[in-house]
Amino acid sequence: MIVYFDNAATTVLEEEVVQAMLPYLTEHYGNPSTLYSLGRTTRAAIEEARKTMAKLINAQPGEITFTSSATEANNTVLKGAVLYAGVERIITSPTEHHCVGHTVEFCRDYLHTEVEYVRVDKNGNADLEHLSQLLAASDKKTLVSLMHANNEIGTMLDIEQAGNICRQYGALFHSDTVQTFAHFPIDVQQLPVDFIVGSAHKFHGPKGIGFLYMRKQSKVASFIHGGGQERGMRAGTENVAGIVGMATAAKKAYDHLETDKAHILSVKNYFKESLLSTLEDIDFNGNTDDRSLYTVLNVSFPPSDKSALLLFSLDLAGICCSGGSACGSGAAAGSHVIQALGKDPDRVSIRFSFSKYNTRDEVDIVMEKLKETFASRK
Ligand SMILES: Cc1ncc(COP(=O)(O)O)c(C=O)c1O
């Protein structure tokens, strides 16, 4: 039996989504750029999906671009802002996903963009005072890129406050919303954001499809050149089945958001309480209050031989979760996020992340394995 507690990495594809996609993998195979009926059918499906996605975040359909992934969407924003929108400076944080962090480094190293990092505290909260100071210190055209929620530790940004600060200083604001889109309501008429992104496989949709929301006034251009698909924003024949699957999954997620959230949060809290009442010296990485994703619990285990082998022994027991420590004790590549928190590098950090399909019984299975591993009760 598999216990799947790695839903921040990816989620299982829903049957309803598979059914919605199937016709576009079989009989509706026309290229959406063609003018005959086979192509018009797939074009119509794409535009319907675009309307669905736009409505979910209160955007205009023309503000949605479909991409191959959130990685591509984030690359489009960051490189596009520098190459085409006159951005000379990027302010970001040290705890961004690599698809933002490494792209910012690319802009610094190859496009000569000035880069500044906002300080984060020991729970990974971006220091918004520091953001204001950095923005006030230069007149250069600036893009701020701060993720809405951290995928490793679950810490959430006050996106509204961050966006308002950016507005105050005339900076463009990009937020990587991969872990929050389809998990939290997002209304771009209310939120002062210029760019947000999403990835279908994080909310029970297919892999290999994502989207970029770009506010009408904040245009950047594509770094992928070719045909005129996606109004010139993203060349390449569209992944029609993926697009249809993403819109179906997103709509379903938003239709059931509150009930799913309550269930997932109860599983997370049950796990948290079980850990604290059963094992010695348990700590958590990231916020533990409501400024945290209800889907993510990053547990910090005390340093020991048992902890070092924990991920391995959980895997042997059929339990899927993700590692990520601060790269202490000569471990291979550590997590840049855990490192940025400045925590004890010898502790072992494991991310458990949940979906609506997880249950308390699964938590009990994981707890049994952890108890067996540590064999030390309070
Ligand atoms: C916060 C965050 N940003 C970006 C990505 C990349 O998404 P994709 O798999 O669509 O490239 C991920 C996926 O792990 C993520 O968690």
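Whatever order the structure lists them in is the order used to number ligands and atoms, beginning at 1.
Between Phe195 and Tyr213, the gap from one ring centroid to the other reaches at least 6.0 Å. Between Phe181 and Phe211, the distance separating the two ring centers is shorter than 6.0 angstrom. If you look at Tyr4 and Tyr357, their ring centroids are not closer than 6.0 Å.
We find that Glu14 and Lys356 are joined by a salt bridge, their nearest charged nitrogen and carboxylate oxygen being less than 4.0 Å apart.
Considering only residues two or more places apart in sequence or on other chains, Asp139 meets the side chain to side chain contact (heavy atoms under 4.5 Å, CB included) condition with none of them.
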Check each N or O atom of ligand 1 against all protein N or O atoms and list the pairs under 3.5 Å, with atom names and distances to 0.1 Å, one per line.
residue: ligand 1; atom: 3 (N); partner: Asp176; partner atom: OD1; Å: 3.3
residue: ligand 1; atom: 3 (N); partner: Asp176; partner atom: OD2; Å: 2.6
residue: ligand 1; atom: 9 (O); partner: His201; partner atom: NE2; Å: 2.9
residue: ligand 1; atom: 10 (O); partner: Ala70; partner atom: N; Å: 2.8
residue: ligand 1; atom: 10 (O); partner: Ser199; partner atom: OG; Å: 2.6
residue: ligand 1; atom: 11 (O); partner: Thr71; partner atom: N; Å: 3.1
residue: ligand 1; atom: 11 (O); partner: Thr71; partner atom: OG1; Å: 2.5
residue: ligand 1; atom: 14 (O); partner: His97; partner atom: NE2; Å: 3.4
residue: ligand 1; atom: 14 (O); partner: Lys202; partner atom: NZ; Å: 2.6
residue: ligand 1; atom: 16 (O); partner: Gln179; partner atom: NE2; Å: 2.8

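Using a 30° and 60° split on the angle between ring planes, His102 and His98 fall in the parallel class, below 30°.
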